[in-house]
Amino acid sequence: MTFPFVMPGVCHVGPKALEHLGEELRRLRARKVLLVCDPGIAQAGLAERVEKALKAEGLDYEVFDQVELEPSTENVEKAAEIVRSSGCDVLIGLGGGSSLDVAKGAAVLATAGGSIRDYMGIELVPGPGLPTVLIPTTAGTGAEVTLNAIYTLKDERVKKGVVSRYLRAAVAIVDPELTLTCPPKVTAATGMDALVHAIESYTAVRATMHTDMYALKAVRLIGRALRRAVFAGHDLEARTAMAWGSFLAGVSLANAGVGAVHALAYPLGGRFHVSHGVANALLLPYVLEFNALADLDKFADMAAALGEPVSARAPREAALQVVKAVRELSGDLGLPQRLREVGVAPEDLDLLTDGAVLQTRLLTNNPRTLTREEIREIYARAL
Ligand SMILES: NC(=O)c1ccc[n+]([C@@H]2O[C@H](COP(=O)([O-])OP(=O)(O)OC[C@H]3O[C@@H](n4cnc5c(N)ncnc54)[C@H](O)[C@@H]3O)[C@@H](O)[C@H]2O)c1
Ligand SMILES: [Fe+2]
């Protein structure tokens, strides 16, 4: 069996990558651009930096700076309406996953019409949307490279995704200088999310030699840099390592997918309003303890990448060092370690399990098969 490999059309990664925005817009033959971001990004002065580049290029543009956190379907539809009424032909998404997802969805809606709900699911988007330039300011969700976009359905109080090749960015610009203003809490949560992308895609059923290169390098970079990026946010070297790490993890995730950590984390977001990165970080050691036995070699690779001394250890012991390393890391970052810290009570375990078992696409990509009872047991251990 083989798996396809996809990437954004062009990627610029590293300090000053933003300087390539103008030339990329010229190549896209942009006539009018819509800049999509949230109020926090505008306040941090990041929208202004992009506007400066647009002005230097003499480009006509409009700004939609009303992206919601964990955006709703209404929010992406509003952005699409502005694209249509303003006649913009290229979209720039600037921000964390929320802003990038709104830009991705609005670009598709601008040509496909209808409601974003029509396209929720796998490959339901009928054709290409407008070209997008995605510029992350967190490190990160990897949304600049993934083929999905996630929205909150307010009426059902759940989040659902659009998964489509047509969500692929024309250009990804990953400039660590834009993450220097990212607050410590957001840096910690999004950084752990990126680490989970690297770890889960490295051990995924759909992992290939191609994605493995990206994933393992990402584990190494993020493992070394995340503490510094959180506690010394001005450190451009750490921010650069995180930008590369989250980008490489995003490439691996976009192709190999993720597994049980994400599957078990989703119900925590939906029911207990725990942010995506925090929920993943919390469940990570418990799921890894369960998964390690399914692939001792790959777990030992990751332990070494995380700086654990593994050469003198037996394979099983080496593999379990990953659990220790990630537990120490998320503890150092001050993230919650137990479900009860985020408001989960023993009587909620069945509800969480009911939510997790629905994530079949993720569960079947996990290196070790999970039964319903085993999922419940993992939640119970994490309680
Ligand atoms: N499409 C995908 O592949 C994908 C993958 C994972 C998660 N997501 C989605 O992404 C969203 C979460 O994204 P996120 O965690 O990146 O955060 P976010 O976009 O929700 O932003 C969080 C907060 O951080 C602020 N912020 C971000 N960067 C900043 C910076 N450099 N300086 C100052 N403030 C900054 C924002 O203004 C916002 O207030 C969720 O909706 C999640 O479902 C999407
Ligand atoms: Fe994630």
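In listed order, ligands and their atoms are each counted from 1.
- Numbered from 1 in the order shown, with element, the atoms of ligand 1 that lie under 4.0 Å from a heavy atom of Gly97 read 10 (O), 11 (C), 13 (O), 14 (P), 16 (O), 19 (O).
- Considering backbone and side-chain N/O atoms, Ser98 comes within less than 3.5 Å of an N/O atom of ligand 1.
- Nearest residue to atom 40 (C) of ligand 1 from Arg239, Lys159, His276, Lys185 is Lys159 (criterion: closest heavy atom).
- Proximity of the aromatic rings of Tyr214 and Phe5 is defined here by a centroid distance below 6.0 angstrom, and this criterion is met.
- Leu283 has its side chain within reach of Tyr379: a pair of non-hydrogen atoms, C-beta onward, lies under 4.5 Å apart.
- Between Pro183 and ligand 1 there is a heavy-atom distance shorter than 4.0 Å.
- An N or O contact shorter than 3.5 Å is missing between Thr141 and ligand 1 by distance.
- Ligand 1 places these atoms under 4.0 Å from at least one heavy atom of Gly96: 16 (O), 19 (O).
- Of all atoms in ligand 1, numbered sequentially from 1 with element shown, those under 4.0 Å from a heavy atom of Thr190 are 14 (P), 15 (O), 16 (O).
- Atoms of ligand 1 found under 4.0 Å from any heavy atom of Val186 (numbered from 1 in listed order, with element): 24 (O).
- Under 4.0 Å is where a charged nitrogen must lie from a carboxylate oxygen, and between Arg49 and Glu177 at least one such pair does.
- In Ile150, the part holding a heavy atom less than 4.0 Å from any atom of ligand 1 is the side chain.
- Checked for salt-bridge contact, Asp350 and Arg376 meet the test: a charged N lies under 4.0 Å from a carboxylate O.
- Annotation for ligand 1: atoms under 4.0 Å from non-hydrogen atoms of Asp38 are 36 (C), 37 (O), 38 (C).
- The environment of NZ in Lys185 is sparse: at most 12 heavy-atom neighbours from other residues, nucleotides or ligands sit within 6.0 Å.
- Where the criterion is an N or O separation shorter than 3.5 Å, residue side chain and backbone included, Asp101 meets it with respect to ligand 1.
- Taking the charged nitrogens against the carboxylate oxygens, Lys298 and Asp212 do have a contact shorter than 4.0 Å, which makes a salt bridge.
- Counting only heavy atoms, the protein never gets under 4.0 Å from atom 25 (C) of ligand 1.
- Residue-to-ligand polar distances place Thr137 within reach of ligand 1: an N/O pair is separated by less than 3.5 Å.
- Looking at Glu177, Lys104, Glu70, His197 and measuring to atom 41 (O) of ligand 1, the nearest heavy atom belongs to Glu70.
- Using a 4.5 Å heavy-atom threshold, the side chains of Asn280 and Met192 count as separate.
- Residues Leu195 and Leu226 form no side-chain contact, since every pair of their non-hydrogen atoms from C-beta on lies 4.5 Å or further apart.
- Within Asp193, the N, O or S atom at minimum distance from the Fe ion (ligand 2) carries the name OD1.
- Remark: Lys78 does not engage Glu74 in a salt bridge, criterion side-chain N to carboxylate O under 4.0 Å.
- Only the backbone of Leu178 comes within 4.0 Å of ligand 1, judged by heavy-atom distances.
- Note: the hydrophobic cluster containing Leu320 also contains Tyr202 (ILVMFWY, side chain heavy atoms under 4.5 Å, direct or indirect links).
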